[in-house]
Each structure stands twice: as C-alpha cells, then as structure tokens.
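Here's the structure, in structure tokens; my notes come after.
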Amino acid sequence: MSSSMNGKRSSLLGESGGCPAGYGRIQNDLENVKISRNERERIDEQDGVNLMVETNGLSYGDYLQLNKILSAQICQSELHGKLVHDEHLFIVIHQAYELWFKQVIFEIDSIRTVFMKTKIEEAEMLEINK
C-alpha cells in the first residue's frame with residue numbers, strides 16, 4: 001500500500017521496495033555505544049535484526065531473494081504519470097501464476113528424468129537435500 005506525499009509515493013516497503021522485515025537494512029546508531037552482549041541481543045531482537053546475517057549465515061530474505069521479488073512490480077501506468085490502482089494487483093497475481101507454471105514445468109522435467117532411467121530407485125523418490 002502506498003500513499004502520495006508531496007508528489008512522491010511512500011511505501012511501507014521502504015525506499016528500495018524490498019523486504020518489509022528489514023533484510024539488508026542499515027544498523028541503527030547503537031553500534032558505537034558500549035552495551036553488554038545480552039543487552040545488544042535483546043535490542044537486536046526487538047529491533048528486528050536478522051541474527052543469521054550477523055553470524056554470516058544465509059538469511060530467509062537472501063535465500064528467497066526477496067529484494068528482487070518484491071521490487072519486480074512496476075506499474076506501467078505510474079511510469080506514464082497516472083497510476084491505475086488495480087494494476088499492482090494484476091501484476092502480483094500474474095507473476096504468481098508464472099511462478100506456479102515454472103514449478104509445474106520443473107516437476108514435469110523431474111518426472112521425465114526419472115522415467116528415462118532404466119531402473120527407478122524408489123528410495124530416491126523422497127530424497128531431501130542434505
């Protein structure tokens with residue numbers, strides 16, 4: 001949802017149009033303040049800091065590439081100076097359809113690969129990434 005302020009659109013998603021959960025956000029001013037580790041962790045938890053990122057792990061937002069996905073809705077009507085409200089919904093719905101179509105093709109390709117084998121190992125059918 002966005003609103004117009006002084007001719008500029010503002011959004012809950014932030015300037016980048018990225019993840020509203022704050023992935024990739026700039027740390028607040030507490031970095032230069034000396035506080036205990038427990039207090040820092042408590043503040044970070046309350047401040048929405050992704051502790052996985054802080055430990056060099058892969059975050060949920062990075063894994064799903066949320067910044068790319070959430071910034072992929074560009075309303076053409078807005079680029080031409082007259083935003084049509086329903087255009088954003090149209091884009092989101094059709095992008096979701098395309099992702100489901102991509103998943104269906106992925107599954108069909110997977111099944112085709114299995115059927116092309118001379119011997120099918122049933123134990124491999126439910127194998128999960130290790």
Side-chain angles (χ1 to χ4, degrees):
M1 176 178 276
S2 351
S3 62
S4 182
M5 301 166 98
N6 299 332
K8 285 188 170 182
R9 288 170 40 89
S10 64
S11 172
L12 294 175
L13 296 177
E15 291 178 20
S16 68
C19 179
Y23 294 102
R25 73 174 177 77
I26 298 172
Q27 292 290 323
N28 56 29
D29 294 333
L30 290 176
E31 291 189 7
N32 297 324
V33 177
K34 291 191 178 214
I35 57 176
S36 72
R37 182 177 178 166
N38 287 343
E39 183 65 12
R40 163 69 69 185
E41 288 174 1
R42 188 189 66 72
I43 290 170
D44 284 350
E45 287 170 1
Q46 294 300 313
D47 199 21
V49 173
N50 186 334
L51 299 177
M52 181 63 78
V53 172
E54 304 261 329
T55 59
N56 295 324
L58 185 62
S59 74
Y60 174 82
D62 290 340
Y63 180 74
L64 294 178
Q65 299 182 34
L66 290 180
N67 287 336
K68 287 182 183 179
I69 293 171
L70 296 175
S71 62
Q73 297 75 41
I74 300 171
C75 295
Q76 296 300 306
S77 63
E78 183 176 22
L79 294 178
H80 291 67
K82 188 172 182 180
L83 176 65
V84 175
H85 177 79
D86 290 342
E87 183 180 9
H88 190 269
L89 177 61
F90 176 87
I91 293 169
V92 169
I93 288 171
H94 286 83
Q95 286 177 339
Y97 286 160
E98 294 298 329
L99 288 170
W100 280 115
F101 292 147
K102 183 176 182 176
Q103 182 64 33
V104 168
I105 292 169
F106 178 83
E107 297 297 339
I108 290 170
D109 287 344
S110 176
I111 292 167
R112 199 170 48 138
T113 301
V114 169
F115 285 169
M116 292 174 73
K117 293 180 180 179
T118 55
K119 182 178 180 185
I120 298 173
E121 294 293 332
E122 194 171 331
E124 293 176 6
M125 294 296 104
L126 295 175
E127 189 171 43
I128 299 173
N129 287 342
K130 297 175 185 172

NE2/H94: more than 12 non-hydrogen atoms of other groups inside 6.0 Å: yes
Check against side chain to side chain contact (heavy atoms under 4.5 Å, CB included), Q76 and L79: CA-CA 5 Å; Q76 296 300 306; L79 294 178; 3.7 Å; yes
Which residues share a side chain to side chain contact (heavy atoms under 4.5 Å, CB included) with I93, sequence neighbours left out: L89, Y97
Heavy-atom side-chain proximity of M116 to T113 below 4.5 angstrom: no
Contacts of type salt bridge (Lys or Arg N to Asp or Glu O under 4.0 Å), residue K102, not counting sequence neighbours: none
Interatomic distance, S71 atom OG to L66 atom CG [nearest 0.5 angstrom]: 10.0 Å
V92 reachable from L70 in the ILVMFWY side-chain graph, under 4.5 Å edges: no
Which atom of I74 lies closest to which atom of I91, heavy atoms considered: O-CD1, 3.5 Å
Hydrophobic cluster partners of I108 (side-chain heavy atoms under 4.5 Å): V104
Contacts of K82 that satisfy side-chain hydrogen bond (donor to acceptor under 3.5 Å, both in side chains) - sequence neighbours left out: none
Partners passing side chain to side chain contact (heavy atoms under 4.5 Å, CB included) against I120 (at least two apart in sequence or in another chain): V114, F115, M125
Q65: side-chain hydrogen bond (donor to acceptor under 3.5 Å, both in side chains) partners, not counting sequence neighbours: K68
Pairs touching residues 84-93 that satisfy side-chain hydrogen bond (donor to acceptor under 3.5 Å, both in side chains), sequence neighbours left out: S77-E87
All side chain to side chain contact (heavy atoms under 4.5 Å, CB included) counterparts of Q103, not counting sequence neighbours: W100, F106, E107
